[in-house]
**Student:** 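Got a structure for you, written out below as structure tokens; questions coming shortly.
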Number of protein chains: 2
Amino acid sequence: MIALHFENGQLVEKETDTPQVRRGEALVKIQYAGICSTDLEILKGYMDFSGIPGHEFVGTVETPRSLAGRRVTGEINISCGRCELCRRGLGKHCRERTVLGIAGRDGVFAEYITLPMSNLHVVPDGVSDEEAAFTELLAAACEIPERVYISQSCRVAVLGDGRLAAMAAQVLRLKTKGLTVLGVEPEKMRVIAGLGIDTLHAAAIPTMKGTFDVVVECTGSRMGLPDAIDMIRPHGTIVLKSTFHAPLKWNPSRIAVDEITIVGSRCGPFETALGLLQKKKVVTAPFLTSVYPFKKWQTAFRRARQKNSFKVLLDMQA
Amino acid sequence: MIALHFENGQLVEKETDTPQVRRGEALVKIQYAGICSTDLEILKGYMDFSGIPGHEFVGTVETPRSLAGRRVTGEINISCGRCELCRRGLGKHCRERTVLGIAGRDGVFAEYITLPMSNLHVVPDGVSDEEAAFTELLAAACEIPERVYISQSCRVAVLGDGRLAAMAAQVLRLKTKGLTVLGVEPEKMRVIAGLGIDTLHAAAIPTMKGTFDVVVECTGSRMGLPDAIDMIRPHGTIVLKSTFHAPLKWNPSRIAVDEITIVGSRCGPFETALGLLQKKKVVTAPFLTSVYPFKKWQTAFRRARQKNSFKVLLDMQA
């Protein structure tokens, strides 16, 4: 099969064997693979990954026969199922885990992948392939209200204007009337505002010191955390979503002085995300920038890096 | 009156007027003033403070007559009582606040201070002046279980071997059987171990990756937070106590990846602290390094800076 490999700091197209299916696993033919900020960070050296990157996908099961032909998406953490963390229900943090296209396991910029069947989620009828490709991203947004209680009167800021910010904003406006998205890219902010969500340019942050009860940091940038701390009220809660390769020089004393809570958050519940897509409570179409045929992967990665891009998909079958 | 002033980067002894008592305030004659890590950071430039530093004290009320002669200690945040944060019960975060000896208000390295009467707590009989001088510090430790639920089976690490760590360890061993204190100074670790608390040298941190459910960071050092993140299990909670002047260069991505919660914590409940002292559930005597007469303040500050020091008090009446 054809796949993208990241090795020696370079992303290259290569012909490799179709992956071998182990016990309990399914072989999935990838339809769409999404390019995520984490992938772009991996190409800068984050996680010291080598192999086939990519973790957002929708595809069709080839084997086993019991699932063959079903459209699926899948959770990215492959855990041992036996350790203390797995037994506590924290399988996504299993120390023996591999992570699809991120750590120790080949990912979805390929014609085929294998995944444990327990990681798969069948895409409901009425959810398109393009929508289903947003499931992993939307699940990460759905995790926010799982970790932090958000009431209707809660003043919530989403910091960022990217793909995750757009999903987080849609999930959070189901919880609160006090939502504002702060970003910088006028084109992307217009799309978010087009959904009837309040938006503000991030240049306003210095005038909003201590304003918000909850700040959801989705910038993907190392300045996201210091900015969030500027905006949060004393005793407020920051949800930290961004991971990045380069370190930050910064004084965290304000966390103690203002008794701020910071909640790190990564992957979330796929069933909740698929349910929101099925009920059309979250839209993805305005956030699908482009779909490129696999052969145009270099153009696709360039497009994904552009500041005015939301989600770029690779069509692995075109 | 005589007092220590911090001005132009220097701590100097000066004769000044006794402070004027405003409406609602008491005039307190200071008996003991404690030297805290925050004071030592202020002398390095933290908070850009100028004036009389110091915020840990026990003293005797001079006026008003209704309280005259009572032994008191006092909360350090002086809030407006009218703003949104004050009305929410978050007076210690009032944006208009001054903070005794830390921000906008002269502190306790002086013969007299003024404080609003609502900030004062009468020291119960059976609590000595020396013990009462630990109240503000112990209250900060008592805030930890107010912010984070700690069960009997919770594996808790206190990171640090200083005065706050010693108080935190004593408060937390009332909550859990799984307490370990990690520090570096052999002399101080021996004193903590002498209370029957498990101790380990901080050199063991790299072997304890992901071990603890809760890590209470009391190092006073900027490496405390990265060390705490090394020790915490995925989905665990770090209580961050340290404030310091110099910034930290560091990558916070692990917070998101391991979905860690960080809870900043500063001042705590004085009544709880005084109650623990009165019931002898917390001891302070092993942690009182020295009491110096005021005239020897330079020696006292030198002693407080030494790595093997716990609490150093200035006797303002000697």
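Each chain gets a letter, A, B and so on, in the order the sequences are listed, and its residues count up from 1. In this text the structure is predicted, and so the values were computed from the model without any measurement.
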**Student:** Please state whether the side chain, the backbone, both or neither of L225(B) comes within less than 4.5 Å of a heavy atom of chain A.
**Tutor:**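 L225(B) touches chain A through side-chain heavy atoms alone.
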**Student:** Let me know if L248(A) has heavy atoms under 4.5 Å from chain B in its side chain, its backbone, both or neither.
**Tutor:**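 It is both, since atoms from each part get that close.
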**Student:** Considering heavy atoms only, which positions within residues 228-244 of chain A lie below 4.5 Å of chain B?
**Tutor:**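 Near chain B, by residue number: R233(A), P234(A), H235(A), L240(A), K241(A), S242(A), T243(A), F244(A).
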**Student:** Run R95(B) and K209(A) through side-chain contact (heavy atoms from CB on, under 4.5 Å) and show every step you take.
**Tutor:** CA-CA 11 Å; R95(B) 290 191 183 90; K209(A) 277 197 192 297; over 6 Å; no
**Student:** Compare every heavy atom of A246(B) with every heavy atom of N251(A), then report the nearest pair and how far apart it is.
**Tutor:**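 Here N251(A) and A246(B) meet closest at ND2-O, 3.6 Å.
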**Student:** Is it the side chain or the backbone of E217(A) that comes within 4.5 Å of chain B heavy atoms, both, or neither?
**Tutor:**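 Neither the backbone nor the side chain of E217(A) comes within 4.5 Å of chain B.
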**Student:** Looking only at heavy atoms, what is the nearest atom pair of E259(B) and R266(A), with distance?
**Tutor:**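 Distance-wise, the nearest heavy atoms are OE2-N, 2.7 Å.
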**Student:** Just to verify, what does R147(A) make a salt bridge (charged side-chain N to carboxylate O under 4.0 Å, His left out) with, not counting sequence neighbours?
**Tutor:**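 Testing R147(A) for salt bridge (charged side-chain N to carboxylate O under 4.0 Å, His left out), a comparison that skips the adjacent residues, returns none.
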**Student:** Do you know the tightest heavy-atom contact between V257(B) and H93(A)?
**Tutor:**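 Closest approach of V257(B) to H93(A): O-CE1, 3.3 Å.
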**Student:** Just so I understand: if I count every heavy-atom pair under 4.5 Å between each of E84(B), R88(B), R222(B), R254(B) and chain A, which residue has the most?
**Tutor:**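 Top count of heavy-atom pairs under 4.5 Å with chain A: R88(B).
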